[in-house]
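See below for the structure under consideration.
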Amino acid sequence: MLKIMRNIGIMAHIDAGKTTTTERILYYTGKSHKIGEVDDGEAIMDSMEQEQERGITIQSAATTTYWKGFQINIIDTPGHVDFTAEVERSLRVLDGAVAIFDAVRGVEPQTETVWRQAQRYSVPCIGYVNKMDRVGADFFNVLHDIESKLGVVAAAIQVPIGCENSFEGVIDLINMEELHWSGSDGKEVIQSRIDSSRSALAATWREKLIDVLSSVSDPITGLYLDGGEIPPDLIKTELRKAVLNRAILPVLAGASRRNLGVQPLIDAVVDFLPSPDEAHAAIGHNLKKDEDVTIPCDNKGVPLGLVFKIQNDRESGNLCYVRMYSGKFTPGTALFNVGKRKKERINRILRMHSNKSEAIEALSAGDIGVIIGMKLAQTGDTVGSEGFPVVLEKMQFPQPVISVAIEPKTASEQDNLKKVLDMLSKEDPTFTTRENTETGQLIISGMGELHIDVLVTRILKEYKVEAQVGNPQVTYRESINEAADRRQTFSKTVAGKENAAALTLKVEPLPRGSGNKYTCAAYKSEIPSSIFDAIEQGINGALNSGIAMGYPCIDIGVTLTGIEYSELSASDFAFEACASMCFDEACRNASPILLEPIMLVTLISPAEFVGNVISLVTMRGGQVISMTSGGQGSGALDEIKANAPMAKMFGFMTALRSESQGRATFTMEFSHFERKN
């Protein structure tokens, strides 16, 4: 069963054609009976009202289909940088991915981001150059772009026949034949001999494919040196090995919107991407033995899975998307949330098809499904059995960088608003809510203007909460510029009993981006461990609540250098409060500073507007890092990378469109925090 399963993701920059390609895959595999178009708001995988209105993917959507006896679990991911968390959690649980490239623009900024995410989780990939029918399409330029920007060996296993309006099919370099498509829906694939006018092109690129393969395959090298014929099956076998080792990226070509090139892509998914038992084995940490263990993908093993996504359903409650790594779960049985050490009951198990579902009898190793019944689960939780306390590695999500205030229009809406915000923050790890203790306002934070806009629209329209939203605000951070020591005492009588504590802390600045670090250098065996836990808890609380402005602290090293303990008056409460006060006072004496988020801005602009675009960025406090020319000609686009403060980038899109006649675009992602001037 595992050998015929593929867990894949579709990843790319926004508007490269991920959802359009996925819709064709579902149609050609018989999962859907009509091709859903993104532009018409009818894409099956874009089921959210927001996705249909905006024409973009916001949430990752899962589905399962079948092709030539293989089960393919697909997750269609968003391309916009604001929704990068959806890509992160999808790649964490997938075995392989299809990277889609725009034939005109090649490797775009978000393509590089998702590629790095795939690298982090060692996900084998195949490439697909889409939109070969667009004006300015250049398959061979994209190949060069892939190698130079992503640092991977790209091997064309197809070359296009024509391009732009004349794109009509592809040459299969493995079987050395031409592929053309018949009918408006492209369902029939016509195989034919290579036309004599294209035989030289085919021979040249076939030679390049064999040359690339021979560098990683001894059997191919042997046949190549002997001058023997290299059979297609051997090429596929050796290419598969290279893909699993992430040594080669095989690249195909097509135009999904015109229904050209999708069936060979599905074949490539089956031929080159790994089954669950071929993918890298999951590594978990055994809490009882305090050691890392390898988890074999085995249906008969101890049940172990990872909750990678939670979605709220009005009828069923929490839909917990789970990737199983070992064993199986069945409805009606109990499972154990290892991290929370709580038992929960499985009511139902579903296989999802976007927003539709069907009940299944079991969720087995290697498979992806939805468990209904878990009330305590959060994204990143490990679920299994109590007798095998193994925790799988959690996912890392970026910190929110933009905030707005939100308040209910009436007092009666207060509870409803908080309930919806809790629900949304449970669904999306990059969406956070907090209450400003000074103003009493509810503050919501996200990854960018679009992210916040989508979530606010959902609150108002989807959940019908009457609320008012303030202007976007930047989420700052606090830190210190010098080292300082502080001794602090605390004493308070509660219910007639004295609670006292005294300790000394040293605070010091750490290199930017290294995070906070707490060290206990005053450990004494006669002092209960709960006292040290309380001190650490007090310091962590103080780090989150800030120094002078109330923003979270970053890059501060805190060392407990002294502790004064009296068995008669000491208490956990006293030491926690004392640690918090000591931290605050020490930091106030260590030159506290305010840090603002700096964004990496990538701009794509026609050459004639580059000067205006750069001027626009520098006027907002931006610094240009690099500029890459897109060549000559009317369709040439230059790429500018710059660092700019988030606070000055609000409304930038309107100004950019005005300066470039609507032809320049930009993407923004968090880079680092820097001292605010």
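Throughout, residue positions are numbered sequentially from 1 according to the sequence presented.
If you check the side chains of Glu427 and Gln311, you find no donor sitting under 3.5 Å from an acceptor.
Annotation: side chain to side chain contact (heavy atoms under 4.5 Å, CB included) contacts of Lys342 (sequence neighbours excluded): Lys340, Leu376. Under the ring-ring contact (aromatic ring centres under 6.0 Å, His included) criterion, Tyr121 pairs with no residue, sequence neighbours left out. Judged as a side chain to side chain contact (heavy atoms under 4.5 Å, CB included), and not counting sequence neighbours, the contacts of Leu594 are Tyr476, Glu478, Met549, Tyr551, Lys676. Partners of Asn318 under the side chain to side chain contact (heavy atoms under 4.5 Å, CB included) rule, at least two apart in sequence or in another chain, are Ile310, Asn312, Cys320, Lys426.
Applying the ring pair (Phe, Tyr, Trp, His ring centres under 6.0 Å) test to every pair with at least one member in residues 573-613, sequence neighbours left out, gives these pairs: Phe490-Phe573.
In summary, Lys506 and Asp485 do not engage in a salt bridge, as defined by a charged side-chain N under 4.0 Å from a carboxylate O. Ion pair Glu674/Arg512 not flagged as a salt bridge, since none of the NZ, NE, NH1 or NH2 atoms sits closer than 4.0 Å to an Asp/Glu carboxylate oxygen.
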Show the numbers, then the answer: is there a side chain to side chain contact (heavy atoms under 4.5 Å, CB included) between Leu150 and Glu112?
CA-CA 7 Å; Leu150 303 184; Glu112 294 183 66; 4.1 Å; yes
Would you tabulate the side-chain donor-acceptor contacts of residues 615-625 under 3.5 Å, counting partners in other chains and residues two or more places apart, or write 'none'?
from	atom 1	to	atom 2	distance (Å)
Thr618	OG1	Ile614	O	3.1
Thr618	OG1	Ser615	O	3.0
Arg620	NH1	Lys648	O	2.8
Arg620	NH1	Phe650	O	3.2

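Across every non-hydrogen atom of Leu392 and Ala282, the tightest pair is CD2-CB, 4.1 Å.
The backbone N or O of Gly513 lies less than 3.5 Å from a partner atom in the side chain of Asp555, making a donor-acceptor pair.
Annotation: cation-pi geometry satisfied between Arg323 and Tyr325 (NZ/CZ under 6.0 angstrom from ring centroid, within 45° of ring axis).
The local environment of NZ in Lys149 is crowded, with over 12 non-hydrogen atoms from other residues, nucleotides or ligands closer than 6.0 Å.
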